[in-house]
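Report on one structure; see the data block that follows.
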Amino acid sequence: MTKNPKVRVTLTNGYSDDPPDDIIRDAYATAVDDFNRCEIQQSIGDDGRGSMELRNVLSQFYLSSMNRTIDANEEVMVCTGAGDCLHVCGTALLKPDDNVLLMDPYFDKYRRMILKTGALPIYTELQLVDDDDQCAINDVICNSIETHKCNKKFIVNFSDMEEKLSLKNTKMLIMNSPNNPTGKIFSIEELHKIAELCVKHDIICMSDEVYEFATLNGNTHYKIASFDGMWERTLTIGSAGKAFEITGFKVGWVIGPTRLIRRAAAVLRTVEQCPSAITQRTVELLIRNELANPSAPKSLLEKLNDRLHSKLKILQNILERSGFEFILPQGGWFFMVRISNYTAPPFDVNGYDVALLKRKDIHFVISMAYKLGLLVLPGTMFFRSKTAATNWLRISFVKNSEMLHQAGEAFAAVSTWATRTSSYNKHA
């Protein structure tokens, strides 16, 4: 067997492949028409923090959700994508031997960023518990399809979190809500408690909120920076790519207190000079459009959210009919799918790391790519605990209808390929 499976369907990444909305096309065309040589300097800004026009409109856009006035000059910074925001802020604020607390499972880039600075990742494990309320919701959503598979959720272990935050070297907590990979949106009660712990132990919070507009099934996202005592210790990261499904634009931003933004901006000037003038101008126009039409029947963000719900429903029904257990996401672009009751058939492992393939999730992913032409991500990428990881896959549903249809055909063939036990191990 070669290492080139014939993959037809890829549900691995957080990139929308739908064509952009006409509003986005029009904004981009306007940005191109507006462009001239002098705007190159304007895109960088006199202080190297990005277009002043974009920073101004961002400060207005977040006025309500942050529950405060935001100084566009001192409290907003634009970077080449949210990933660069993360790395710039980490480099500015962390030093060797600092502890950074991650909630496990976590987005894999966080750990790499932390290690690059010389700091140390430490972990608090999100606990998987029964969610009877969610199962009741699914009884309605799934239209009488078997729904006993949807009744789990991740919650915070606050005693363990406080133990980790109280360690002498712990300097930062990385928040991610809506969460990748779990789809969890942290509740008001959870955010209040996390805020209290950050204030109590003098912790900086880096809050990755790139999926803030991808709220699903009636759930609401709240910004931790808006909670008592948190503004002065929180850097909030946002993304035009995720907000407007234009990931390739690579426009991200950081909003936070002057003392932290200044430190991050000092690093920013040494590594890059912001996104292009055209992409920043396009995003500025898109956000201005959101601000200018508050009474419109459907804003662009609302239309994109409706489309997201449609895609979620398609993949949800596919997974239900295929017999997979999953956690219905509250937000974001991904399903967490459990494979503890499936066994993939053996295959020729020549050319592969045999030890790696002993992990069930990795074996399952590679085998499914070969046999069904469907590629997803193994849980190993997101869990510190590799024992827990082996029971999970992460699957993106932000794909066009044709790809989701092909995914449905592949999942429907799972029963002819993998061995399924009659029941789930509730503790797996």
Side-chain angles (χ1 to χ4, degrees), residues 4-29 81-83 107 141-143 145 178 180-183 210-217 239-252 279 282-283 286 289-290 298-322 324 326-337 365 368-378 381 393-414:
N4 297 299
K6 295 180 179 179
V7 174
R8 296 181 298 109
V9 184
T10 300
L11 303 183
T12 56
N13 54 47
Y15 306 142
S16 173
D17 55 8
D18 274 313
D21 189 274
D22 287 344
I23 294 175
I24 297 172
R25 293 177 185 271
D26 292 344
Y28 186 78
F107 182 41
I141 293 175
C142 295
N143 297 322
I145 299 171
N180 174 12
T182 67
V210 297
Y211 296 105
E212 60 187 305
F213 303 109
T215 54
L216 305 167
N217 298 314
S239 166
K242 295 299 190 283
F244 297 108
E245 298 186 12
I246 48 174
T247 310
F249 271 49
K250 304 304 290 181
V251 177
T279 54
T282 303
V283 174
L286 292 174
N289 181 70
E290 295 293 316
K298 287 286 182 181
S299 72
L300 175 58
L301 288 173
E302 288 172 329
K303 287 198 295 182
L304 291 173
N305 190 267
D306 287 346
R307 187 168 74 180
L308 197 64
H309 273 87
S310 297
K311 293 174 182 297
L312 176 139
K313 182 64 178 294
I314 291 170
L315 190 54
Q316 178 181 345
N317 286 334
I318 287 170
L319 293 170
E320 286 279 359
R321 291 190 173 96
S322 302
F324 283 98
F326 60 87
I327 298 174
L328 189 68
Q330 298 172 322
W333 290 2
F334 308 102
F335 278 91
M336 289 286 286
V337 177
V365 163
M368 187 161 61
Y370 273 106
K371 298 295 185 181
L372 305 180
L374 174 62
L375 186 63
V376 300
L377 289 183
M381 293 186 64
L393 308 175
R394 193 200 74 171
I395 300 179
S396 170
F397 59 89
V398 188
K399 301 299 172 185
N400 63 54
S401 56
E402 180 181 356
M403 186 168 290
L404 289 176
H405 175 72
Q406 292 176 343
E409 293 177 344
F411 276 114
V414 166

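Because the structure is a prediction, the values reported are computed rather than measured.
Proximity of a side-chain donor or acceptor of Lys250 to a complementary backbone N or O of Ala82 within less than 3.5 Å is not detected. Checked by atom type and distance alone, the side chain of Glu245 never pairs as donor or acceptor with a backbone atom of Asp18 at under 3.5 Å. In this structure, Gln330 contributes its side chain and Pro178 its backbone to no donor-acceptor pair below 3.5 Å. Panel note: side chain Ser396, backbone Asn13; a donor-acceptor pair is recorded below 3.5 Å. No donor-acceptor pair under 3.5 Å is formed between the side chain of Ser322 and the backbone N or O of Phe324. Side-chain atoms of Arg394 come within 3.5 Å of backbone atoms of Thr12 as a donor-acceptor pair (strictly under, hydrogens ignored).
For the pair Trp333/Lys311, no side-chain contact is recorded, criterion being any heavy-atom separation below 4.5 Å from C-beta on. Val365 is listed as a side-chain neighbour of Val376, based on a closest heavy-atom distance under 4.5 Å. Within the 4.5 Å cutoff, the side chain of Gln316 has no heavy atoms near those of the Phe397 side chain.
Contact detail for Leu372 and Ala410: the closest heavy-atom pair is CD1-O, 3.4 Å. The two residues Leu312 and Pro329 come nearest to each other via the heavy atoms CD1-CG, 3.5 Å. Contact between Ile327 and Phe335 at its shortest, heavy atoms only, is O-CD2, 3.9 Å. Among all heavy-atom pairs drawn from Pro20 and Arg25, the shortest one is O-NE, 3.4 Å. Counting all heavy atoms, side chain and backbone alike, Val7 lies closest to Ala369 at CG2-CB, 4.1 Å. Considering all non-hydrogen atoms of both residues, Phe244 and Ile24 come closest at O-CD1, 3.4 Å.
Rounded to the nearest 0.5 Å, atoms OH (Tyr211) and CG (Leu216) are 11.5 Å apart. Note: Gln406 CD to Glu402 CD = 5.0 Å, rounded to the nearest 0.5 Å. If you take CE on Met381 and CZ on Phe107, they are separated by 8.5 Å, rounding to the nearest 0.5 Å. Taking CG of Leu315 as the reference point, atom CD of Glu320 lies at 10.5 Å (rounded to 0.5 Å). We find the CE-CG distance between Met336 and Leu393 to be 8.5 Å, quoted to the nearest 0.5 Å. A distance of 11.5 Å separates CG of Leu404 from CG of Asn317, quoted to the nearest 0.5 Å.
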Next on the checklist: Let's go through Thr279 and Val283 carefully: what are the C-alpha distance in whole Å and the side-chain angles of both, what is the deciding distance for side chain to side chain contact (heavy atoms under 4.5 Å, CB included) to 0.1 Å, and is it a yes or a no?
Outcome noted: CA-CA 6 Å; Thr279 54; Val283 174; 5.5 Å; no

Item to check | Leu304 vs Phe213, side chain to side chain contact (heavy atoms under 4.5 Å, CB included): CA-CA, chis, key distance, verdict | outcome: CA-CA 9 Å; Leu304 291 173; Phe213 303 109; over 6 Å; no

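Of the residues listed (Arg307, Lys303, His309), the one engaging Asn305 in a side chain to side chain donor-acceptor pair (under 3.5 Å) is His309, and it is the only one.
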